[in-house]
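Note: hydrogens, waters and symmetry copies are ignored here, and every other heavy atom, side chains too, is used.
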Amino acid sequence: KDVQKEREPHVCLSKEEVKEKIQSYNSSVTDKLKMTLNANGIYTGFIKVQMELCRPITVQSSQSQGRCAHGNNETAFYLPDGCVNTLHISSTNTVREVIEALLKKFFVADNPAKFALYKRCHKEDQVYTCKLSDREHPLYLRLVAGPRTEMLSFVLREHETGEVMWEAFSIPELQNFLRILDKEENEQLQILRKRYAAYRDKLEEALGGVWKPG
């Protein structure tokens, strides 16, 4: 399980400190995803975001893939586990803008307010996660941590159940969710019925052997 961790304070870096960190960062990059410092002090670079979504997302039907439940012009489906996306962003982009860019990139129609961006850090054989505030800057966190994803990675999740703003869901979305849940419930019921039917057959077979006249 991930361990919740306190947010680390944002340290303001001078332009020279940023330049030095970018040079150090780029010298350690192994996937060619380097950062670039512009004359105005703003720098650009890449972050990778792992999608860990438990609930289905809603996309335009022309862009849909995977297991679907059809609406009028939209489709709800589950993203495959471990899906990772790469975004090119600037140091001025906030967490909220990154979430919106991710959803826009994949034509996701869901309200961005349903999602949260987390940072995940590995320290001393422990995995720490912390939900980022909307105003934090992911590229700054990437720069400070360096390019190694085992030191810092980003994860997109839904808000916790108690934080879900159900009023942000549209009627078609909620109907799609209910259809998918009904289908999964029926599948689980079928599995349970088969399992108990097999147990019953074995018990009856055992009983028949015990009471067999000899």
Side-chain angles (χ1 to χ4, degrees), residues 2-55 57 59 79 82-124 126-160 162-165 168:
D2 292 347
V3 179
Q4 197 71 19
K5 185 176 183 295
E6 292 290 333
R7 289 192 181 91
E8 296 176 359
H10 183 105
V11 178
C12 292
L13 302 175
S14 66
K15 188 174 180 180
E16 189 59 34
E17 288 174 324
V18 169
K19 182 178 179 180
E20 290 176 0
K21 282 190 173 294
I22 289 177
Q23 289 174 345
S24 175
Y25 183 98
N26 289 342
S27 67
S28 302
V29 166
T30 58
D31 55 10
K32 298 183 180 181
L33 300 181
K34 296 185 177 183
M35 292 196 188
T36 302
L37 178 62
N38 299 316
N40 58 6
I42 295 174
Y43 51 98
T44 59
F46 299 84
I47 62 169
K48 294 180 180 180
V49 181
Q50 182 168 347
M51 316 289 272
E52 291 185 356
L53 304 179
C54 299
R55 295 187 291 272
I57 59 172
V59 299
L79 277 178
C83 179
V84 177
N85 295 290
T86 302
L87 283 180
H88 185 251
I89 62 174
S90 81
S91 55
T92 62
N93 289 134
T94 63
V95 164
R96 180 51 46 191
E97 290 171 335
V98 166
I99 293 174
E100 291 172 354
L102 268 175
L103 301 183
K104 183 178 180 180
K105 182 176 180 180
F106 294 97
F107 302 92
V108 178
D110 296 89
N111 190 326
K114 301 172 189 175
F115 303 94
L117 191 68
Y118 289 75
K119 67 175 181 180
R120 177 181 290 161
C121 307
H122 296 250
K123 292 182 180 179
E124 300 176 355
Q126 285 275 21
V127 179
Y128 300 94
T129 59
C130 178
K131 185 169 72 172
L132 300 172
S133 69
D134 285 350
R135 294 184 179 181
E136 291 190 74
H137 299 88
L139 195 61
Y140 166 82
L141 298 175
R142 179 79 277 162
L143 175 64
V144 172
R148 294 172 57 190
T149 55
E150 61 266 29
M151 297 300 295
L152 172 75
S153 58
F154 295 104
V155 180
L156 183 72
R157 294 176 178 172
E158 300 96 345
H159 282 295
E160 298 296 334
E163 300 174 335
V164 175
M165 297 180 293

Given the ring of F115, does R157 sit roughly above its face, with NZ or CZ under 6.0 Å from the centre of the six-membered ring and within 45° of the axis? no
Residues passing the salt bridge (charged side-chain N to carboxylate O under 4.0 Å, His left out) test with E150, sequence neighbours excluded, are R148
Which pairs, with at least one residue in residues 17-29 and sequence neighbours excluded, count as a side-chain hydrogen bond (donor to acceptor under 3.5 Å, both in side chains)? S14-E17
Could you list the donor-acceptor pairs under 3.5 angstrom formed between side-chain atoms of residues 97-104 and any protein atom two or more places apart in sequence or on another chain?
| unit_1 | atom_1 | unit_2 | atom_2 | d |
| --- | --- | --- | --- | --- |
| E97 | OE1 | N93 | ND2 | 3.3 |
| E97 | OE1 | T94 | N | 2.9 |

Nearest 0.5 Å please: distance from the CZ atom of F154 over to the CG atom of L139. 8.0 Å
For K119 and V155, indicate whether the former's side chain and the latter's backbone hold a donor-acceptor pair under 3.5 Å. no
Quick check: do N85 and M51 have side-chain heavy atoms less than 4.5 Å from each other? yes
Which heavy atom in R120 sits nearest to a heavy atom in E52, and how many Å separate them? NH2-OE2, 2.9 Å
Side chains of P138 and L117, heavy atoms from C-beta outward: is any pair under 4.5 Å? yes
Table please: side-chain donor-acceptor pairs of residues 32-50 below 3.5 Å, with sequence neighbours left out.
| unit_1 | atom_1 | unit_2 | atom_2 | d |
| --- | --- | --- | --- | --- |
| N38 | ND2 | I42 | O | 3.1 |
| N40 | OD1 | I42 | N | 3.0 |

With rounding to the nearest 0.5 angstrom, report the OG to CG distance, S153 to L141. 11.5 Å
Distance, nearest 0.5 Å, that separates CG of L152 from SG of C121: 5.0 Å
